[in-house]
Amino acid sequence: MQAAGVEHVFGVPGDYVLGFYQKLEASPLRHIGTTREETAAYAADGYARCRGIGALAVTYGVGALNVVNAIAGAYAESSPVVIISGAPGIDEQRKDPLIHHRFGPFSFQREIFERITCASAVLDDPLTVCRDIDRCMQAARHYSRPVYLELPRDRLDVVGFQVPALEIGADDSDPGALSEVVNETLQRLDRASSPVILAGVEIHRRGLQDILTQFVLNACIPVAATLTGKSVVGERHAAYLGIYEGTMGPDAVRARVEDADLLLMLGATVNDVDTGIFTAQLDPARLIHASQDKVTIGHHRYTDVRLRDFLATLCAAITPHACAWAQRVPLPELPAAVPGKAMTITRLIASLNAALTPDMSVVCDVGDCLFAALDLRVHERTHFLASAFYTSMGFAVPAALGAQIALPGLRPLILVGDGAFQMTGTELSTFTRLGLDPVVIVFNNHGYSTERFILEGPFNDIAEWRYEHIGELIGPTSGYCAKTEDGLEDALRKALSTTGRPSLINVHLQANDASAAMRRLAQHLGSRVYG
Ligand SMILES: Cc1ncc(C[n+]2csc(CCOP(=O)(O)OP(=O)(O)O)c2C)c(N)n1
Ligand SMILES: [Mg+2]
C-alpha cells in the first residue's frame with residue numbers, strides 16, 4: 001500500500017483486526033482513528049480522490065458492514081479505496097462456531113464486498129497471498145474502484161511467498177485507432193466555428209487535469225464542466241464557461257454547450273445528475289465523446305483508445321482554434337453587506353466566492369449546498385469534492401478529513417446541510433484532535449429542503465441543533481451563528497483568520513429559500529413524479 005501512495009489508514013479497531021493494527025503501528029503507515037467506520041470510509045474516499053488511492057482497516061461484521069454504503073458510493077463514483085477487514089482465523093472457522101460479529105456463513109462478508117469492489121481476496125494462503133495483494137492493488141488503480149482484502153486474524157504472522165505479479169491486461173491504446181481518431185477529431189475541430197469542450201469526472205479520476213488545461217490553452221476552445229466533474233479545470237480560468245447540467249444548469253452555459261457546432265466531451269459520464277435528469281439536448285451528429293476506453297464520433301466508435309492517450313495526442317497535435325475564448329461571465333463584485341439583512345442562499349454563495357482563496361479546496365455534501373455550488377468558482381489546482389452522483393448525505397465532513405490529511409496544504413471549505421451534518425458532523429472531532437482547520441458552513445434551512453421542494457410534509461422536519469456550540473462537546477472549535485449579511489461577513493473573516501482548529505458557521509436560511517438550480521430540479525421532479 002505504501003508503494004502505491006498510501007500513508008494513512010483510517011478506521012476503528014476491533015478484536016479481529018487488532019493484530020493488524022499492532023503491525024500498522026510498527027509500520028511507516030499512520031492510523032487515523034475516526035468516530036465510526038462509515039466516516040473512515042468517506043475519509044479514505046476523500047483521500048483517494050486527492051492522492052490516487054486511500055485505505056481503511058476495520059473489524060469483521062460490525063465494522064465492515066458499517067462501510068457498505070460509503071464503499072458502494074466509492075464504487076459508483078470511481079474512487080480507489082482499499083478496504084482491509086479483519087476476520088475470524090481460518091482455524092477458528094473450521095468448527096463453525098457461533099462467535100461474535102458473525103451474521104451467517106463466514107463467506108457472506110466477502111460476497112457482499114465482491115459486489116461493490118472491482119477485486120477482492122481472502123488472504124489465507126501463503127502461496128498466493130502476495131500475488132493476490134498485488135492483483136487487488138493493481139485493479140484499484142486500473143479500474144479506479146475500491147478493492148477488498150480480508151485478513152483472517154491467525155494468518156497475520158504467516159510469511160507469504162513472493163510470486164511475480166500478474167499483469168491485469170494491456171493498458172495501451174491501439175496505435176492505429178488512436179491516430180485515426182485523433183486525425184478525425186482534428187479535422188472536425190478545424191471545420192467547426194463554435195466548438196466547446198465538456199469535461200467530466202473521468203478527467204479527475206485518471207489524473208488528467210493538467211493535460212486538459214494544456215489542451216484548452218493549446219486549442220483555444222472554451223470549456224464547461226459537468227457537476228460530477230466540477231473543478232477538473234480551474235473555475236477561474238479565462239476559458240471556463242461554468243457547469244453544464246441540462247435544464248438544471250445556468251442558461252448561459254446550456255446555450256453555449258447545446259448550440260456548439262462541435263461538442264468535445266472529455267471523460268464526461270452520461271448520468272441523470274450531469275444531464276439534468278436527462279434534459280440535456282446533445283445532438284449526436286455534433287458530438288465527439290471520449291470516455292475511459294473508447295471515443296464515439298457521431299454514430300461510429302473507436303474502441304481501445306484510452307482517454308489519457310487521446311487527450312495527450314490531441315493536445316500535442318492541435319493548433320489554436322480561431323474562435324476566441326468564452327465571452328466569460330466574470331464573478332460579479334460582492335455588494336457591501338447590508339447590516340441586519342437576512343441571509344439568503346444566493347448571498348451566501350456570493351460571499352463564499354469572494355472569500356475563497358487558492359489554498360482552499362471545497363468539499364460539498366448533498367442537498368441545496370450542492371445545487372448552489374454550481375455557482376461557486378474554485379481556484380486553479382484545487383479540488384471540488386462531492387458525492388455528486390451517488391449523492392449520499394454525510395459525505396462532506398469525513399471526506400474533507402481525508403482530503404486535508406492527503407493534501408495538508410489545502411484547507412477544506414466544507415459545505416453541508418443541517419440534515420447531512422446531523423448524520424456525520426461529529427467527525428469534526430477528529431479534525432479537532434489532529435489540530436486541522438477546515439471551515440464548515442452549515443446551510444441551516446431547518447430540515448430536508450431538497451425533499452421539501454419535491455413533497456412537503458412533517459417527515460422533512462429535523463431537530464434544531466445549535467451547531468455553533470459543537471466545540472463544547474468535541475473540543476477546540478470556533479463556532480459562529482450567522483443570520484444576516486453582515487453577520488456572515490464577520491464570521492467568515494474570523495473563521496478564515498483562525499488556523500489550527502476547525503471553524504463552523506451556522507448560517508440561518510429560510511426553509512423555503514432555494515438555489516436557482518434546486519428550483520429548476522424541484523420543478524422538474526415534481527412535475528415528473530407527482531404531476
Ligand atoms: C444517506 C441519504 N439518505 C437520504 C437521502 C435523501 N435525501 C437527499 S437530499 C435530502 C435532504 C438533505 O437535507 P440537508 O442536508 O439539510 O440539505 P437540504 O436539502 O436541506 O439543503 C435527503 C433526505 C440521501 N441522499 N442520502
Ligand atoms: Mg437542510
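Both ligands and their constituent atoms are indexed starting at 1 by order of listing.
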Nearest non-hydrogen contact with [atom] belongs to which option: [options]?
atom: atom 21 (O) of ligand 1; options: D365, N444, D368, L509; result: D368
atom: atom 14 (P) of ligand 1; options: G419, S387, C369; result: G419
atom: atom 16 (O) of ligand 1; options: V366, D418, N445; result: D418

How far is [atom] from its nearest protein heavy atom, and which residue and atom name does that atom have?
atom: atom 25 (N) of ligand 1; answer: T391 O, 2.9 Å
atom: atom 8 (C) of ligand 1; answer: E451 OE2, 3.1 Å
atom: atom 12 (C) of ligand 1; answer: M393 CE, 3.6 Å
atom: atom 13 (O) of ligand 1; answer: Y448 CD2, 3.3 Å
atom: atom 15 (O) of ligand 1; answer: A420 N, 2.8 Å

Would one find an N or O of [X], backbone or side chain, under 3.5 Å from an N or O of ligand 1?
X: S449; answer: yes
X: G367; answer: no
X: T450; answer: yes

Partner set under salt bridge (charged side-chain N to carboxylate O under 4.0 Å, His left out) for E111, not counting sequence neighbours:
none
Donor-acceptor pair between [X] and [Y] side chains, under 3.5 angstrom:
X: H237; Y: E380; answer: no
X: S351; Y: E489; answer: yes
X: Y42; Y: E427; answer: no
X: S78; Y: Y143; answer: no
X: S120; Y: R110; answer: yes

Aromatic contact, H8 with H31 (centres under 6.0 Å):
no
Given OD1 of D418 on one side and O of G447 on the other, what angle do they make at the Mg ion (ligand 2), to 10°?
100°
Counting backbone and side-chain atoms alike, is an N, O or S atom of Y448 positioned under 2.8 Å from the Mg ion (ligand 2)?
no
Show which atoms of ligand 1 fall inside a sub-4.0 Å distance from at least one heavy-atom site of G417.
14 (P), 15 (O), 16 (O), 17 (O)
Are more than 12 heavy atoms from other residues, nucleotides or ligands located less than 6.0 Å from atom CD of E333?
no
Where do L374 and K230 come nearest, in terms of heavy atoms and distance?
O-NZ, 3.9 Å
